[in-house]
Amino acid sequence: MAASNRPHPGPSFQSPGSAGPDLSSPTSSKKSDNSQIANLHPQQRPDTLQNSSSQLSISSNSWRANSVSFGSKGVRYGSRGGAESEGFSMSRREINDEDARLVYVNDPLKTNERFEFAGNSIRTGKYSVFTFLPRNLFEQFHRVAYMYFLVIAILNQLPQLAVFGRGASILPLASVLLVTAVKDAYEDWRRHRSDRIENNRMSSVLVNDRFQHKKWKDIQVGEVIKILATETMPCDIVLLSTSDPTGVAYVQTINLDGESNLKTRYAKRETLSRVPEKDMISGLINCEKPNRNIYGFQANMEIDGKRVSLGPSNIVLRGCVLKNTDWAVGVAVYAGRETKAMLNNSGAPSKRSRLETHMNREIILLSSFLVVLCTIVSVCAGVWLRRHRDELDIMPFYRRKDYSEQEVDNYKYYGWGMEIFFSFLMSVIVFQIMIPISLYISMELVRVGQAYFMIRDDKMFDAASNTRFQCRALNINEDLGQIKYVFSDKTGTLTENKMEFQFASVSGVDYSGEKTEYFGEQGGYSIQVEGQVWRPKMKVQVDRELLQLSQTRNDMKSKEIYDFFLALAACNTIVPIVVNTSDPTEKLIDYQGESPDEQALVYAAAAYGFMLIERTSGHIVIDIQGERQRFNVLGMHEFDSDRKRMSVILGYPDSTVKVFVKGADTTMFKVIDKSLNLDVVKATETHLHSYSSIGLRTLVVGMRGLSIPEFDQWQSSYEIASTALMGRAGLLRKVAINLENNLSLLGASAIEDRLQKGVPEAIESLRTANIKVWVLTGDKQETAISIGYSSKLLTSKMTQIIINNNSKTSCKKSLEDALIMSRKLINVTRASDDDASYVALIIDGTSLVYILDTELEEQLFELASKCAVVLCCRVAPLQKAGIVALIKNRTDDMTLAIGDGANDVSMIQMADVGVGLSGQEGRQAVMASDFAMGQFRFLVPLLLVHGHWNYQRMGYMILYNFYRNALFVLVLFWYVLFTGFTLTTAITEWSSVLYSVIYTAIPTIVIGILDKDLSRRSLMTFPQLYGAGQRQESYNAKLFWLTMADTLWQSIVAFFIPLFAYWKSDIDSSSIGDLWTLAVVFMVNIHLAMDVIRWTWISHASIWGSIIATCICVIVIDAVPVLPGYWAIFNLASSGLFWVCLLGILVAAMIPRFIVKMFMQHCKPCDIQIAREAEKFSNRIESTRNGEIEMYPPQR
Amino acid sequence: MDQKNKNSKKPSYSRFSQQELSAWKPILTPGWVIASFLTIGALFIPVGLVALSASDAVVEIVDRYDEECIPDAYSMDPESFIQNPDIKKTCVRSLRVPKKMVAPIFVYYQLENFYQNHRRFVKSRSDKQLRDPEANNDTYHCFPEARTSDGKPIVPCGLIAWSLFNDTYKLSTRGKPLTINKKGIAWKSDTEVKFGSNVYPKDFQKGGLIGGAKLDEKVPLSEQEDLIVWMRTAALPNFRKLYGKIDTDLEAHETIKAEVENNYNTYKFGGRKKLVLSTTTWIGGKNDFLGVAYITVGGLCLFMAINFILLYVFRPRRLGDPSYLSWNRLPVA
C-alpha cells in the first residue's frame, strides 16, 4: 500500500561510509580497496588483510568481554549504508595518487610543505578598498548598456563630434554608476564584516603538545583541534577521539544542511584512546580533493603502520556544532574555502530575470534600428556633400574655407569619407536614447518598489515565526509572474516538520477515540529524580482509555499495551538529553535523534508512562509508570531500505531476551506470525488502512521472545557478520532477516507530520494556475507518497509510475516501459478527460544517479513532462539541482524551487527563482534564496498576486520605455532629414537630456510600481489568470512590433503636423523645437494615461505633474538669454496655430491606438480584461446570472 | 491590543502598503467609446472648417525674382553677375494684388533650399557676444568667421551674422512709394534682452569674403532688426523672414512695382529667392494643411463611431461575461 509508512532512522544522506574497521558497502569497498592496494602498496596486500583480520579478532574478543557496549556499536556501523547508498558510492571517485590530498596528522608544516592547501580564513567580500573602484566599475560595465553609454559619452568628448555639452553628455551615465556603486559598496561592507567576525573566532589547537587558543583564520590543514560542547567546527575535521569512551560525537548540522536533530559521528577505534597532549599522534590521512559533496567523504588513514579507512561518519564539517559531547579532538583536513560548507556556499550565480533577457534581445533589435537610422543619415549626408562638393567652400551655411588666416584653409572638414564617418558617429550620439539607459534605473527603482510591497504585505507575514517576507534578490521580481514549475522540498516546506503521535492500534483495538487535553489527568506524565521533576519536553495528546489501560498492570490487555509502549520507547536510536528549565526543580527531557518519527514515538511512549531517560551504547533506562527499569541493548539492526524495518534485542532485568521490531506494514506483515492471532492482524490492517487514508504515517510494531539457543545462534552469526571484511552490510541484513520472523503483532502507530496550514489549498491553487508542482525530498518513498496524498498533490485516481532501480539498464527499461504506459494512458483517457489521465511519476534518488547526466535524461524529461505530478524521493541535494536543471535546460519554462533546509540550497540556486522558507531549519536555504518567507502557502499570493502584478507592471514598463525613447529619437530623426543631414536638433540640448530624466521618467516608475490590472481578490479567486504571465502576454515580440509600429505613427504625427503647418512660414527652429518637445512629452504621458488601470492620487499627480514639470522646464530653458531659443515658447504660445497644432497632434496620434485597443477589447478580450470588467460590473452580473458556477471551472 | 507584542514584525497596515489606495478604475464601455469618437468628430470638423476659412481669408502675393533679375547676358553664369560689385543690381518687378489686402500687410523674403538649420551654420554664433559688450572675445564657436586676419574679434561673429540677407525692396503703387515699416519686425524679447543696446558691430564684413549685408557700426545690435530677424535661424530649409510691414491697405487688382536690389548670392547653391506680401489671420499665413487635417481626423472619428455602433449592435459582448474567459472557452485539452 502506497500510504504506509515507517520512520526513517537516518536522514537521506546517511551514506555509505562506515566507521568500522573496514569499508561498509560491498561494491564500493571492494573496488576502492583493490585499487588502493594496487596503486599504493602492491606488496603489502596480504599484510594489510592479515592486519585487519588480526585486529578484527582482537575486537571480537573485546566484544565478548564487553559484549553489550560493543554490540550495539558494531551494529551501528554494520547496517549503515547498504543498498540505498550504493548509488552514492558508485558515483564517487576512487582516490588516485594525483587526486589525493595527504594530510600529516599533527604536522601542519609537513602537510603544507608540498601542497598549497588553503588556509582557514574565508573571504566572501568581493572588493577591498583599493580594488573597489576599478573592479566595481569593471563589473558594472559588464552590462552592455553601460558600456554603450560610456562609449557614447567618450565619443561626445571628441571636438569633431561634440553634439552635446560635456556636462549634459556625462550626467546620466555618471548618476547610474554612482548609485550602483554605493549599493555595491554597502553590500560588500556587510560581507566583510561577517567575514571578519567569522575569521576571528577562536578554537583550541594543539601546538607543541598543548592546546592553545588560535583564531580560526590561522588554523592550518594538519593541525589537531579540540572542540568543546556547543562550539562550532572551524573547518572540516576528521575525528580522532571524543569524550565518549566509544568515540561517539553528536553534532548538529543546522548550519550546514538545516537539520536540527543530532547526528552521530565516530572517532576511529585506533585513535580514540589517545590523549593528544601526551601520546604523540602521527599518521597520514590520504583523502579526496576538496569537493562539494557534504554527504560523501572518502579517505584512509595510516596510523601506527595500520591502514584504516575513513568515511563520511568520521568527518565533521565546518559549521557543525558539537552537542551533547564534552569534547572532541580531530585533525583538520579541509580548511577555509576548501571546506565543504564553503564550497557549497560559493558560486551562486547572479540571476537575471527572463523578462530582462527578452528585453535585452529587443534592445539588440533597437540597436540595429539605431544603426539603420544612423546609416541612413550618414549615407544621405555623404550624398548631399558629394552633390554640393563644388559649392561648399563659400556656401553661406557651410563655408568650408576659413579666410581669417593668411592662408586660406579648410575649416572643420576632414574629407568626404571622414565626414560620412563622423556624421555616423554624431548620429549615434544624437539618437543614443534609442537604447533606453534610463530603463535600467527605472527597472531597479520599480523593483525596489515592488519589493517594498511584497515585504509589507500583511498576507505574507508569518505570525508563528514572526517573519516577514524577504526580498533578497532585487532583479527577478517579475519572474514570479511566469513560473511554470515549482520544485518543492517536502519536510519543513510542505509539512511543519513536527511529528505528532496520533493514534495507536494495540492488539487489534483501535485507540483513536476521544482525546483528552494535552496533559492527561495529572498534567502530563512526569517522574521524580532526586527531588526534581523530569518531564518530556513535548506534550502529546493522549487517548484516555489507552492511558488508563497503560496504567493498570493485571490483565492480558494491559500486558500487550505494556509491550507496545516498551517497543516504542526502546526500539529506536533516540538519545534523551536532560535540559534545565528556569524552574530549578523541573527539568525537561529532550529526545534527540535523526528521525522525527522516532522522536514522536518516544514522546508518545513517555506520555503514556514509558519514559526513556537514559541511553548509552550498551543499555537503556526506561521509567515505566514510576518504576525505573534498565534493559541491556544486546544488539540492534538498524533500518535499511530493503527490510524497511529495524529491530532491537533487549535483555530484560530478569535475563529474558526479546527482540522488538518496528517497520513499514508492507514488510512487517510478511514477518508476523499470522497463525497466532489472525483476527488481530486483520483488525490492525483495517486500522492501518484508515490511518494512512487520512495521511498519517503508520508503523507496525512486533515482538518475539528469544530462547537461549536462539539468542546464542543469533549472537554468533551477528558477531561473524559484523566483523566480516567484505559484504558486511549484506551479511548483517541476512542475520536480521533470520531474526525478524514469526513475530507476534503488538500494534500499530499513526504519526502525523502535520502539513503546514493551507498547503493543500495552495497546491490546488498552483495547479489551477497551470503550475506543475514537483516534490523533491530526501525522505523515503512511502512518506513522500503519503504526504503527496494529504497535500492533494496525488489523488487516488492518478496512475502512479514508480521507478526504483539499481542499475542503468534497469532504469532504461523502466523508463521505456513508463513512457509507453504514459502514452497509452494519455491516449486512452484523453476523451474521457478525468483524473485518471493524470500520471504521477515517483522516482528515487538511486535511479536518478543512473539517469541524470546520462543519455537517459532525455527520456526522463519526456516522461516527466507528460506527468501531472512528479515525486522524487531520497534525492541528494545535488540531484535536486540536477532535476531542476533537467527542466531548465530543456524548456523555456520558468522554474521555482522552494525549500527550507541546506539540502535545498543547490536546487534553490539552480532554479530561475529560489524561495527559502525561514522556518524550523537553519538559515542556509534563506541565505541562498532570492525570496524568503515563513510558510509554503504564501507562495500563492507571492506568485498569483505579486508575481502577476510584477510581471504586468514590468512588461508594460519596458515596452513603454522603448516606445517613449524611440518616439523621441524618431522625431529627432525626421528633423535631421530636413537639415541637410547634419544632426541639428530643433529640440534644445537640455530638453534632450532631461527628456528621459525629468519629463517622462517619474510616471513610468510610479505606474510600474502602483498600477494594478486586477484586484488581489480576483487573482486569488481565479488562479487561471496567472496564465497571462506564463503565456508572456505582457511582453512578447508581437507586442514589441505593434508598439514600434505605433511609435512610428505617433512620431510621424508629432513631427509632420507642425512641419506642414509651419511650412514656408517664418517659424524659427527654437519655437518649432519647443512645439515638438511639448507635443512628444504630452503624447507619451497621455499614452501612459490611456493604459493606466487604477488611477490613485499618486498616478494623477505623477502624470499630470510631469506634464506641468515639462512646461516649467521648457519655460525656464527659454528664459535663459544666452540660449538661442530665448523667449521662443512665449512667442509660440501666443499664436493660435500652436494650440491647434498641439491638440491635433495629440488626438491624431492616439486614434489608431485607441481604435485597435477598443476593437481588441471588444472582439478578442483577454482574461484580464474580462476579469476587470467582472470586477467593476460584478453586481450587474450576479443579478443576471444565478450563481457563479461558470466562474469556477472544473478543477483538474 | 497590539501593544502587547512589541517584537512583532508584522507590517503595520496602511492602505498604501497593502496596495489598496482608493482608485478610479475607468473601463471604456461601448457607450464611452462611441461618445468619445463622436465628441472628437464634433469638435474637429468645425475647427477644421474655421481653420480652412481663415487660411482662405489670407491674401498672399509671392514673386520669385532670383532668375528673372539676372540680365540675359549673365544667365549662363549668374555668379559672376552677383559677385561683381560694379554692376548695378536693381531689378523691377510688378506684382498684382489678387484681392483686397487689409493692413497690416507683411513683407517677407522667402529663401528656399537655404539650410539655415545646417549644423555648421546654427552653431556658428555667440549669444554672449551679442548681448554683452564685455564678451567681444567670446568667439569660440564662431569659426570660420570669428576673428579678422589680424586677430581682432568680429562683432557679431559667426556664419549666421556673416551671411546676413542683403537684398532690398522698394515698393510703390500708382507711382506713389509704399512705405515699408522696418521697425518692430523683430521679437521684442530679442531687441530688449538678447541683443545688447550697447554692443556695436566691429570689424564686421571686413574679411576677404563678403557674406552679405554690412552693418552700420554706429547703430547698436539691439536696433539692427534685420540682423535680429536673420539670427533667429529658421527651422526649415524653405523659410520666410519678415522684411517689414505695410500699414496701408492694398486694393484688389492693384499693381505694385517692386524695385529689388538683387545682392544676395543664392546662385552658388541653387537657392531661390522670393518676395512675399501677405496678410495674416490667427492661423498665420496661407496654409490649408491644418484645416484639411482636422476635417480628416474628425471625419475618421465619425466613421469609427458608426463602425463601433455597428460592431456593438451586431456582435454584442456582455462586459465581464465569464464565458469568455479562456479556460471556459476552450475545453481543457
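The model shown is predicted, which means the values in this text are computed figures rather than measured ones. Per chain, numbering begins at 1; letters A, B, ... match sequence-line order.
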Between the side chain of [X] and the main-chain N/O of [Y], is any donor-acceptor distance below 3.5 Å?
X          : Y          : answer
Lys268(B)  : Leu392(A)  : no
His1162(A) : Pro30(B)   : no
Arg317(B)  : Gln1161(A) : yes
Asn287(B)  : Phe1060(A) : yes
Tyr115(B)  : Phe981(A)  : no
Arg456(A)  : Ser14(B)   : no
Tyr294(B)  : Gly1144(A) : yes

Are the side chains of [Y] and [X] in contact, using a 4.5 Å heavy-atom criterion?
X          : Y          : value
Tyr1126(A) : Arg131(B)  : no
Pro11(B)   : Met460(A)  : no
Pro322(B)  : Phe1022(A) : no

Practice task
Using a cut-off of under 4.5 Å on heavy-atom pairs, state which of Lys188(B), Gln18(B), Lys25(B), Lys286(B) scores highest against chain A.
Solution key: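 Among the listed options, the one with the most contacts to chain A is Gln18(B).
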Handout entry: Interface residue of largest heavy-atom contact number with chain A, from Gln110(B), Arg125(B), Arg240(B), Lys123(B), under 4.5 Å
Key =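 Most pairs with chain A among the choices: Arg240(B).
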Within a reach of under 6.0 Å around [atom1] of [X], are more than 12 heavy atoms found that belong to other residues, nucleotides or ligands?
X          : atom1 : result
Phe1159(A) : CZ    : no
Lys128(B)  : NZ    : no
Tyr13(B)   : OH    : yes

Heavy-atom distances under 4.5 Å only: say whether [X] touches chain A with side chain, backbone, both or neither.
X         : answer
Leu21(B)  : both
Ser126(B) : neither
Ser17(B)  : both
Trp282(B) : both
Phe114(B) : both
Leu300(B) : side chain
Phe16(B)  : both
Ile160(B) : neither
Ser36(B)  : side chain
Leu290(B) : side chain

Problem - Criterion side chain to side chain contact (heavy atoms under 4.5 Å, CB included) on Asn238(B) and Trp1063(A), from CA distance to verdict - result: CA-CA 8 Å; Asn238(B) 299 342; Trp1063(A) 190 250; 3.6 Å; yes
Exercise for the section: Report the distance from atom CZ of Phe289(B) to atom SG of Cys1141(A), rounding to the nearest 0.5 Å. Expected result: 8.0 Å
Exercise for the section: To the nearest 0.5 angstrom, please state how far the CE atom of Met1158(A) sits from the CE atom of Met304(B). Expected result: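 Spacing of CE (Met1158(A)) from CE (Met304(B)) equals 11.5 Å.
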Chain B contact via [X] - side chain, backbone, both or neither, heavy atoms under 4.5 Å:
X          : result
Cys1163(A) : both
Phe1138(A) : neither
Ile1151(A) : side chain

Practice task
Indicate the ring-plane relationship of Phe37(B) and Phe1154(A), choosing parallel, tilted or perpendicular according to the 30° and 60° boundaries.
Solution key: perpendicular
Problem - Phe397(A) ring center within less than 6.0 Å of Phe269(B) ring center - result: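 Yes, they do, as the ring centres are separated by less than 6.0 Å.
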Handout entry: Short side-chain donor-acceptor distance under 3.5 Å, Asp1167(A) and Ser326(B)
Key = yes
Handout entry: Check ion pair Glu112(B)-Lys1064(A) (N to O, under 4.0 angstrom)
Key =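 Yes, charged N to carboxylate O under 4.0 Å.
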Exercise for the section: Would you name the heavy atoms of Arg120(B) and Arg400(A) that are closest together and state the gap between them? Expected result: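 In this case the closest contact between Arg120(B) and Arg400(A) is NH2-CA, 3.8 Å.
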